[in-house]
Amino acid sequence: MVMTTVAATAVEGRTASSRGSIEEIAGRMERLPMCGYLWRLIILISLGGFFELYDLFFTGYIAPGMTQSGLLSTTTANFFGFQGIGAFVAVTFIGLFIGTFFLGFIPDKLGRRFVFTWALVIYTIATVIMAFQTSTEWLLAWRLFAGIGLGVEAITIDAYITELVPRRMRGRAFALNQTIMFLAQPTVALMAWWLVPQSPLGFDGWRWVICIAAFGAVIVWFVRRAVPESPFWLSQKGRTAEADNILSTIEVRVERQIGTKLEVATPMFIPRSSTTAALPDLGRTPYLTIVLTLVVFNLCQAFGYYGFSSWAPTLLIEKGITITKSLQYSFVIAFAAPLAPLVAISYADKVERKWIIVTMAFVIACAGYGFAEFVQPVAIVACGLAITFANTTLSFAYHAYQTEVFPARIRAQAAGIVYSASRVGAMFSGFAVAFVLRNSGVSGVFAAITTAMMIVMLVISIFGPKTREQVAA
């Protein structure tokens with residue numbers, strides 16, 4: 001009798017272990033319907049990303065206020081001038097680079113949920129302190145620390161969504177994620193338009209814009225505690241019982257919502273290279289070509305993206321538009337940011353993502369020329385809307401694209417390495433735009449952006465892999 005009990009226990013243990021294996025987890029996840037519960041998890045994760053983009057975008061919108069207060073200048077005499085807006089943009093992305101490149105191992109080692117908890121804490125503390133600085137040096141220093149927290153958060157969001165959502169729904173999931181995140185752009189534009197020209201309670205308006213971000217992040221920290229750990233990550237770490245328990249809970253909630261039992265899952269075949277992948281594999285076939293392609297892509301797309309979004313109000317001022325009108329136009333242009341990924345929900349899983357990226361790069365290049373050359377307000381705003389729409393469409397596509405190509409075992413770290421190149425590109429864009437703006441004007445800035453977008457089109461169309469049907473494991 002004892003031997004029978006022991007044998008039964010052993011079988012039960014093996015069954016639990018099997019249900020938490022990566023093949024079983026993949027099969028169980030792939031057959032989940034996209035019901036309200038999964039969409040809710042995506043929304044909770046995306047709220048943290050909202051503040052990542054709020055933080056990135058307020059750089060451009062509060063820049064006129066910081067220059068007006070004398071803390072920073074629009075341009076500097078030297079290329080690497082650390083008294084100008086370019087330096088503020090640069091340190092933001094230096095922090096993001098540190099977070100994505102050097103700390104990308106944290107979500108792969110300690111878990112996705114760990115990062116969701118602590119990255120916002122670092123960001124909030126650094127942002128509040130930054131808002132009260134009165135010297136350029138300390139303003140830049142605390143901006144750096146805030147960027148580090150956001151850098152780790154950004155790659156973890158992408159990895160989590162890739163692992164949470166069945167591949168047939170992944171494009172739509174990223175489109176919703178980016179819609180929520182890009183609501184930050186009109187939000188910060190509105191806050192800046194309203195607050196930057198003023199000094200409520202004797203406190204500079206641009207400082208209020210910064211504090212609002214920190215206050216919102218605290219609320220999100222509490223709300224997002226309901227997000228479970230990634231079953232894929234747990235399974236890859238050998239924590240099969242935990243993976244099975246979490247996924248079982250998800251399945252129960254899904255069944256409750258759809259009103260019926262889920263179909264029996266079929267284990268999926270997972271290549272051994274996915275389950276044994278290690279960081280050195282990125283230097284070998286098949287990943288080396290992918291890594292090099294995405295590094296070049298990220299360098300160039302970031303220059304094009306942040307060369308516009310971080311400088312839009314300032315570029316308008318350089319075209320002779322007043323600071324108030326500049327912020328008003330920028331507010332209108334910002335509405336295209338969440339609209340683009342919202343529209344993309346209708347086609348995100350029907351079109352190969354690499355071709356979305358190529359097409360949007362072409363639109364940015366064309367609309368950028370119009371933004372630089374037109375003088376009529378309606379034409380300028382129309383081109384700005386087109387650039388923003390294309391930029392955010394490109395963003396949802398490549399965030400999905402550059403996480404799907406890597407296995408879950410090293411996904412966050414690998415995506416962090418290639419994504420860190422965008423931080424380098426964005427960092428130098430701050431100095432480069434200031435330099436080109438001083439020497440060649442707004443037309444020169446958009447000539448540089450067009451060149452960057454042409455390179456994006458070439459490398460992705462020639463070397464970019466297809467990923468729309470790739471399994472998350």
Side-chain angles (χ1 to χ4, degrees), residues 12-46 48 105-117 153 155-170 172-174 176-177 224-258 261-277 400 403-404 406-415 470-473:
E12 184 180 1
R14 287 198 300 273
T15 303
S17 177
S18 174
R19 282 175 54 82
S21 70
I22 192 65
E23 293 83 5
E24 286 278 355
I25 293 292
R28 291 166 68 185
M29 293 295 292
E30 281 298 312
R31 62 64 148 111
L32 290 177
M34 281 304 291
C35 63
Y37 176 68
L38 291 184
W39 288 119
R40 176 171 166 265
L41 290 180
I42 293 168
I43 290 169
L44 290 177
I45 291 301
S46 302
F105 69 91
I106 293 177
D108 284 334
K109 184 175 180 61
L110 300 179
R112 314 322 192 198
R113 199 169 184 275
F114 176 88
V115 173
F116 292 146
T117 301
E153 168 97 356
I155 56 174
T156 309
I157 290 173
D158 291 350
Y160 189 88
I161 292 176
T162 298
E163 294 166 2
L164 179 71
V165 178
R167 58 184 172 182
R168 67 185 183 280
M169 305 281 191
R170 202 176 297 149
R172 278 168 283 177
F174 270 97
L176 176 63
N177 162 253
R224 217 166 56 172
R225 293 168 69 189
V227 173
E229 184 55 88
S230 163
F232 269 117
W233 178 79
L234 289 168
S235 182
Q236 287 281 16
K237 286 295 180 181
R239 295 160 61 175
T240 53
E242 291 176 70
D244 176 44
N245 286 338
I246 287 177
L247 186 48
S248 295
T249 301
I250 292 174
E251 290 167 336
V252 168
R253 295 196 177 194
V254 169
E255 288 177 343
R256 190 180 304 148
Q257 287 199 341
I258 64 176
K261 283 284 186 181
L262 291 167
E263 62 185 47
V264 177
T266 302
M268 296 191 69
F269 169 72
I270 306 296
R272 191 172 185 277
S273 58
S274 293
T275 58
T276 60
T403 53
E404 291 172 313
F406 298 115
R409 186 180 178 86
I410 56 170
R411 175 167 290 130
Q413 194 167 6
Q470 190 136 340
V471 180

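All heavy atoms count here, side chains included; hydrogens, waters and symmetry mates do not.
Proximity of Leu176 to Ile43: side-chain heavy atoms (C-beta onward) are separated by under 4.5 Å at one or more points. Side chains of Arg170 and Glu404 form a contact here, defined as non-hydrogen atoms less than 4.5 Å apart. Side-chain contact check for Phe105 versus Asp108: every heavy-atom pair is 4.5 Å or farther apart. With contacts defined as side-chain heavy-atom distances shorter than 4.5 Å, the pair Pro228/Thr249 does not qualify. Side-chain contact between Ile157 and Ser46 is absent, with no heavy atoms from C-beta onward closer than 4.5 Å. By the 4.5 Å heavy-atom criterion applied to side chains, Leu164 and Phe232 are not counted as neighbours. The shortest side-chain heavy-atom distance between Glu251 and Arg31 falls under the 4.5 Å cut-off. At least one side-chain heavy atom of Leu38 sits less than 4.5 Å from a side-chain heavy atom of Ile250.
Among residues two or more places apart in sequence or in another chain, the side-chain hydrogen bond (donor to acceptor under 3.5 Å, both in side chains) test is passed with Ser230 by Glu163. Partners of Ser235 under the side-chain hydrogen bond (donor to acceptor under 3.5 Å, both in side chains) rule, at least two apart in sequence or in another chain, do not exist in this structure. The side-chain hydrogen bond (donor to acceptor under 3.5 Å, both in side chains) test applied to Arg172 returns Asp349, not counting sequence neighbours.
Closest approach of Trp39 to Ala173, counting heavy atoms only: CZ3-CA, 3.9 Å. In this structure, Pro267 and Glu24 approach most closely via the heavy-atom pair CG-OE2, 3.4 Å. Shown here for Leu44 and Ala226, the closest heavy-atom pair between the two residues is CD1-CB, 4.3 Å. Heavy-atom minimum distance, Ala412 versus Ile155: O-CD1, 3.6 Å. What you find for Gln257 and Cys35 is that their closest heavy atoms are OE1-SG, 3.4 Å. When all heavy atoms of Arg19 and Ile25 are compared, the pair lying nearest together is O-CD1, 3.8 Å.
Between Thr156 atom OG1 and Trp233 atom CH2 the span is 11.5 Å, to the nearest 0.5 Å. Atom CD in Gln413 sits 11.0 Å away from atom CZ in Phe406 (nearest 0.5 Å). For the atom pair Asn177 CG and Tyr160 OH, the distance stands at 12.5 Å (nearest 0.5 Å). If you take CD1 on Ile161 and CE on Met169, they are separated by 15.0 Å, rounding to the nearest 0.5 Å. Taking OG1 of Thr240 as the reference point, atom CG of Leu247 lies at 12.5 Å (rounded to 0.5 Å). With rounding to the nearest 0.5 angstrom, the CD1 atom of Ile22 is 10.0 Å from the CG atom of Leu234.
We find that Glu153 and Arg224 are joined by a salt bridge, their nearest charged nitrogen and carboxylate oxygen being less than 4.0 Å apart.
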For the pair Ser248 and Arg28, evaluate side-chain hydrogen bond (donor to acceptor under 3.5 Å, both in side chains) and give the outcome as yes or no after the intermediate values.
-> CA-CA 9 Å; Ser248 295; Arg28 291 166 68 185; 3.2 Å; yes
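Distance alone, capped at 3.5 Å, is enough to place a donor-acceptor pair between the Arg112 side chain and the Pro107 backbone. One N or O on the side chain of Asn245 and one on the backbone of Ala241 form a donor-acceptor pair closer than 3.5 Å. Side-chain N or O atoms of Glu229 include none that pairs as donor or acceptor with a backbone N or O of Gly111 at under 3.5 Å. Arg113 places a side-chain N or O within donor-acceptor distance of the main-chain N or O of Val227, the cut-off being under 3.5 Å.
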